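Shown next, in structure tokens, is the structure this report addresses.
Just so you know, residue 1 is the first one in the sequence shown, and it goes up from there. On a predicted model such as this, the values are computed, not experimentally measured, just so you know.
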Amino acid sequence: MTSTQPAERGDGEPPPAGDPSHRCRIRPLNAAIAAACLLAVLALWLITLQRIAFERDQAVAAAMKSNSNLAIAFEQQVFRTLKAAEQVAVFVRDRYQQQGPAVDLRELIDQQLIRETSFSIVSVVSENGDILSSTSRLASNAINYADREFFIAQRTPGEDTLFISQPVLGRVSRHWQIPMSLRISRPDGSFGGVVVMSVPPTDFTDFYLQADLGQQGLLELGKLDGGVLSRTTGSHNEFGLDATSLAWFQRRREQSEGGFVDDGKATDGVARIVSYRTMTDYPLMVTVGTAYEDELAPTRHRENSYLLMAGGATLALLTFACLLILMLARQRNAVSAVRASEALFRATFHQAAMGIAHIAADGRIIGANEKFCRMLGYSQEELHTRTIFDLGDRHEEDRVRQQLQQGLSAPLAPSSPEIEKTYRRKDGSILWVCEALSAVTGADGRARFLVAVTQDITARKELEERLSHAALHDPLTGLPNRLMFMDRFDQVLESARRHGGLAGILYIDLDGFKEVNDKLGHATGDRLLCEVGRRLQSCVRAEDTVARFGGDEFGVVLASLGKAADCEAVARKIIDALATPFGLEAGTAIRVSASVGAAVHPVHGTEAALLLNLADTAMYVAKNAGRNQFRWAPGSLPALP
């Protein structure tokens, strides 16, 4: 390799450690380390919080399933109690209907014909509400039940079922009881009285003692009209309340059973995981709930451990990142010396595989390596007689001068970015290069000359141009392909949306093209497709787009339509143009026709893909209707504007 260098060569001085180019190389690395550390911390905390949320959900789901099972068990216990009550009531009613007012219920107990001990009092009440017989010795004829809910409900004819009343203060027992009654009907169906028995409200929720619901659990038996027969929360029992505002009662209207987390604001302020069920044979619902905090207590303990571990890992990551950045900072002096040497090295001919030229302040070429000479086709002596401006395009001379002055006026500034430009070779051909300029300074710090490092990218540019054209155009006809067609269609639709205008699309399929291929050969078919493309272009405006999709299918984008009917006018113009015989073979007239489908934005739709599919469908309708026809997209208006 031969080279020519200036007579006075300033080797220059290494850039100082505070040089901006030096700092710019360090900071991105530090930023990358910090960003990686932050991403790792973010991922760590995201995984930790997801794990915590997952375990909470699992704990709630497990508690909900457990409570659902308890609700089933509670329902079964209530069902057995009510069935026993119903059996006793039926038995007493049968005895009363056999013996009349003379029936003695205490005697039935003594004879162990009534063995149920769950019911505190069983009584037979006349049609007037007077007690005729009772298992309680405190009952007397002076007590009347005509105003009680159970009596009023049974007096009205209805289903022969056990009626469960709201808790009342018993007139015989003087304690709160839940009356359950069964109607006594005479042979003629008229009202003959009731059999009534009572159960303390707490007896229904004794199930609380059997189930492990915690100190703040909830167990409730309620009526479907909203009345609470018995509710136990912890050691506290309530009854006779209105439950219509409670969440489980409201949810039951939409779903007969279910589970959810209740905030407890409507009850005692304790959040609970609640499961409820509607009984099938009785107008009752059972509710079981456990305290939310009690169920999540083990999970909370693990959460604290997870948070501590995540915090420790975060601290370790941050410490590691800081130490790494500190270590890099301590290497700056060594790196600075290396880069100073590299700056001098770049200003020489070390890149022998690339063209290198030394350029004076006035643009004269004062040195060049052999690669640079071969790239341009000049000898060393010929280059010495020329300037950098002589080798390029004249209209670029001012820009090149500005770049030279910029590089010489700021020799300590970071190297100029690589630029792509053209030179003209000795034989007149164009040479595309990627070029970078750097200044070489003397001992006084002033720029002596510029070094241009040049890489030949002509082949790449030619390839890019060919690939760009091939990617967007049909190789046979030179028309835009489907990709370019859709891109232009999107642009047309965007303009139509912005200005409130119309835009159309035509989908064209040649009729009879296969016969031409089969009879005359593919070469003739290819020439026919090219001629079809030219005729299509002659039928539309310059701002419209004609494309070939493949085979014998073409598409047309019609921009800025004045009215939708213009789309049909162009389509019929195309049909007429393609119906004219093609004289491709000497003495032979080739005849084909076209089936055309159309869609208009926004009449048929607003999205490019949808409009294309609609036009395609319309084209097939035209082809199936006999070919050489035009059809609008399906679903179009009877008369387009």
Side-chain angles (χ1 to χ4, degrees), residues 11-59 296 298-348 350-351 353-354 403 406-420 434-441 445 447 450-455 457 460 464:
D11 290 338
E13 297 176 359
D19 186 276
S21 63
H22 178 72
R23 291 196 301 269
C24 289
R25 295 186 187 98
I26 296 297
R27 288 176 181 172
L29 183 57
N30 292 347
I33 294 172
C37 178
L38 291 177
L39 286 175
V41 170
L42 180 62
L44 173 65
W45 280 100
L46 182 61
I47 294 172
T48 301
L49 295 178
Q50 285 180 339
R51 181 63 186 179
I52 289 173
F54 172 78
E55 290 198 3
R56 285 183 183 176
D57 292 342
Q58 290 291 96
L296 264 69
T299 304
R300 300 260 190 224
H301 179 72
R302 290 194 299 273
E303 287 177 12
N304 293 333
S305 300
Y306 294 155
L307 293 174
L308 286 174
M309 288 189 291
T314 299
L315 181 61
L317 283 171
L318 293 176
T319 302
F320 173 77
C322 291
L323 290 174
L324 185 57
I325 292 173
L326 182 61
M327 290 173 61
L328 291 173
R330 295 180 65 180
Q331 293 178 357
R332 287 181 182 175
N333 292 335
V335 172
S336 178
V338 171
R339 290 192 174 176
S341 176
E342 289 176 352
L344 180 60
F345 190 68
R346 283 195 302 270
T348 60
H350 71 285
Q351 296 180 353
M354 297 183 182
Q403 290 175 345
Q406 229 174 359
L408 293 169
S409 61
L412 296 181
S415 299
S416 62
E418 293 181 343
I419 59 172
E420 293 183 355
C434 179
E435 187 174 89
L437 295 175
S438 59
V440 176
T441 61
L450 291 173
V451 176
V453 179
T454 304
Q455 181 181 6
I457 60 170
R460 192 193 79 189
E464 286 177 355

Tightest non-hydrogen contact, residues Leu44 and Ala310, listed as CD2-O, 3.5 Å
In this structure, CD of Glu55 is separated from CD of Gln58 (nearest 0.5 Å) by 8.5 Å
Closest heavy-atom pair, Ala40 versus Leu317, reported as atoms and distance to 0.1 Å, is CB-CD1, 3.9 Å
For Arg56 and Thr299, the nearest pair of non-hydrogen atoms, with its separation, is N-CG2, 4.0 Å
Heavy-atom closest pair (Tyr306 atom, Ile52 atom, distance to 0.1 Å) is CD1-CG1, 3.9 Å
Separation between CG (Leu324) and CG (Leu29), nearest 0.5 Å, reads 7.5 Å
Distance col, row Leu326:CG vs Arg330:CZ, nearest 0.5 angstrom, shows 6.5 Å
CD1 (Ile33) and CZ (Phe320) are apart, to the nearest 0.5 Å, by 8.0 Å
Separation between CG (Leu49) and CD (Glu303), nearest 0.5 Å, reads 9.5 Å
Output for pair (Leu38 CG, Thr314 OG1), nearest 0.5 Å, gives 10.5 Å
